[in-house]
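Taking it in order: structure first as structure tokens, then the write-up.
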Amino acid sequence: MYFYGATQSGWDEIRTHAKQWLRARNKRTIEAYIGTDHALTEPEALTAMKQDGVAVFLLTCYSGIFHPKLIVFSSNKYKLLLSGSNNLTRSGLSSNIEFATAVKIPAGAERFVNWESAIHNSSNALSKTLLKDYEQQRNQRLKKLQKSNVPWQFTWRKRRKAAVRKGASIQPKLPIKLEEGTLLYEVMPKETGPMGSQIQILKQVAIGYFGLPNRVGSSVSISLTNVTTGEERCLTMTYNSNTTMRLSIHEASYTERPCFLLFQPKRKKSFDFAVISEALDPMQFQFLDNILGGRRQRKRRTLIF
DNA sequence: TGGCTGTGTCTTATGGCGTG
DNA sequence: CACGCCATAAGACACAGCCA
């Protein structure tokens with residue numbers, strides 16, 4: 001496959017099917033040629049693909065922008081080309097308006113074979129060094145973007161927002177159900193941490209919801225599971241001397257904002273959580289935004305159901 | 001050649017400070 | 001009290017040097 005950009009959530013959309021496809025017959029392989037232009041491709045996606053048995057190549061020697069969105073199924077006789085407008089991203093595979101078409105060509109079709117060969121010659125197999133280098137330059141770029149106050153997402157003002165009427169009874173599908181005990185927490189545009197991963201927790205919420213003892217210096221360890229990715233981790237929340245309490249949620253980085261966090265208690269000091277971002281989940285985001293009153297203020301909005 | 005150890009670098013998690 | 005800027009501790013990782 002050939003993609004201008006690939007994200008972790010995009011690969012998550014197809015990884016189960018890809019792995020099943022690989023296992024179904026002997027000698028099946030997947031090769032992925034991924035672009036790095038505009039820093040859309042997430043290093044985590046490349047690592048995950050490689051771990052799942054995909055031969056990953058990064059485009060390194062070309063002019064212009066590497067822009068294809070193409071999947072090729074090859075057999076001895078034919079090649080089936082699925083070419084479209086979507087990248088290997090969750091929004092491209094699920095929520096965007098995209099177009100794709102399928103074309104069957106003979107396996108030896110000269111012009112396409114030459115194209116594939118040219119792409120292969122313009123790329124390098126993903127190595128630790130290559131990945132690290134891309135990751136570093138991408139992080140620097142994201143930091144610069146944040147510092148320059150340029151919003152990550154550009155949306156034309158004339159564009160109408162996703163329409164979920166206030167008080168609408170139809171609830172969009174959320175990764176975490178809004179039931180008794182669910183915490184809906186707004187992420188501020190410039191929360192702290194190197195990549196904006198640190199979320200400050202309101203005192204009332206830290207004590208009342210996460211079980212932090214009400215005295216300076218006390219701390220609580222909580223286990224967090226991202227219900228979208230399945231990642232589980234243990235984090236510490238401390239009552240700092242300046243009455244701030246924080247959590248490092250790297251999924252709520254600058255690139256995902258504006259966004260909401262949803263928490264649901266599982267066991268004692270153990271919570272499921274999900275990030276609902278406006279860019280990736282516009283309907284869900286709008287729905288939650290409406291619940292909180294529909295207008296972001298200087299202070300964060302939060303609600304325990 | 002392989003294992004161990006010390007050192008440096010980078011990333012992530014955590015906490016302090018200034019300010020409104 | 002809480003938002004946003006920043007610093008730093010802790011841990012992961014890479015790599016060189018040494019020795020068996």
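Keep in mind it's a predicted model, so treat the numbers as computed, not measured. All chains are named by letter (A, B, ...) in the order of the sequence lines, taking the proteins before the strands, and each is independently numbered beginning at 1. In what follows, every heavy atom counts, from backbone to side chain, and hydrogens, waters and symmetry copies are set aside.
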Sugar-phosphate, base or nothing in reach of Leu247(A), heavy atoms under 4.0 Å: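 The answer is nothing, as Leu247(A) stays clear of every strand by at least 4.0 Å.
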
Option passing side-chain contact (heavy atoms from CB on, under 4.5 Å) with Phe287(A) (candidates Leu178(A), Ile276(A), Asp281(A)):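 Testing each of Leu178(A), Ile276(A), Asp281(A) against Phe287(A), the sole residue satisfying side-chain contact (heavy atoms from CB on, under 4.5 Å) is Leu178(A).
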
Ring centre gap for Phe263(A) and Phe210(A) strictly below 6.0 Å: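 Under 6.0 Å, so yes.
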
Test item: side-chain donor near acceptor, Thr7(A) and Glu42(A), under 3.5 Å: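 No.
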
More than 12 heavy atoms from other groups under 6.0 Å of CZ on Arg267(A):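 No.
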
Rounded to whole Å, how long is the line connecting atom [atom1] of [X] with atom [atom2] of [N]?
| X | N | atom1 | atom2 | answer |
| --- | --- | --- | --- | --- |
| Asn214(A) | dC1(C) | CG | C1' | 13 Å |
| Met188(A) | dC5(C) | CE | P | 11 Å |
| Ile199(A) | dT12(B) | CD1 | P | 15 Å |
| Leu130(A) | dA14(C) | CG | P | 15 Å |

Identify every side-chain donor-acceptor pair in residues 102-119 of chain A under 3.5 Å, counting partners at least two apart or on other chains, and give the distances.
unit_1	atom_1	unit_2	atom_2	d
Asn114(A)	ND2	Glu110(A)	O	3.4
Glu116(A)	OE1	Lys79(A)	NZ	3.2
Glu116(A)	OE2	Tyr2(A)	OH	3.1

Mutual orientation of the aromatic rings belonging to Phe260(A) and Phe285(A) [parallel < 30°, tilted 30-60°, perpendicular > 60°]: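 Because their plane-to-plane angle is under 30°, the rings of Phe260(A) and Phe285(A) count as parallel.
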
Annotated protein contacts, base or backbone, on nucleotides 15-20 of chain B with a non-hydrogen cut-off under 4.0 Å, one of B, S, - each: BBB---

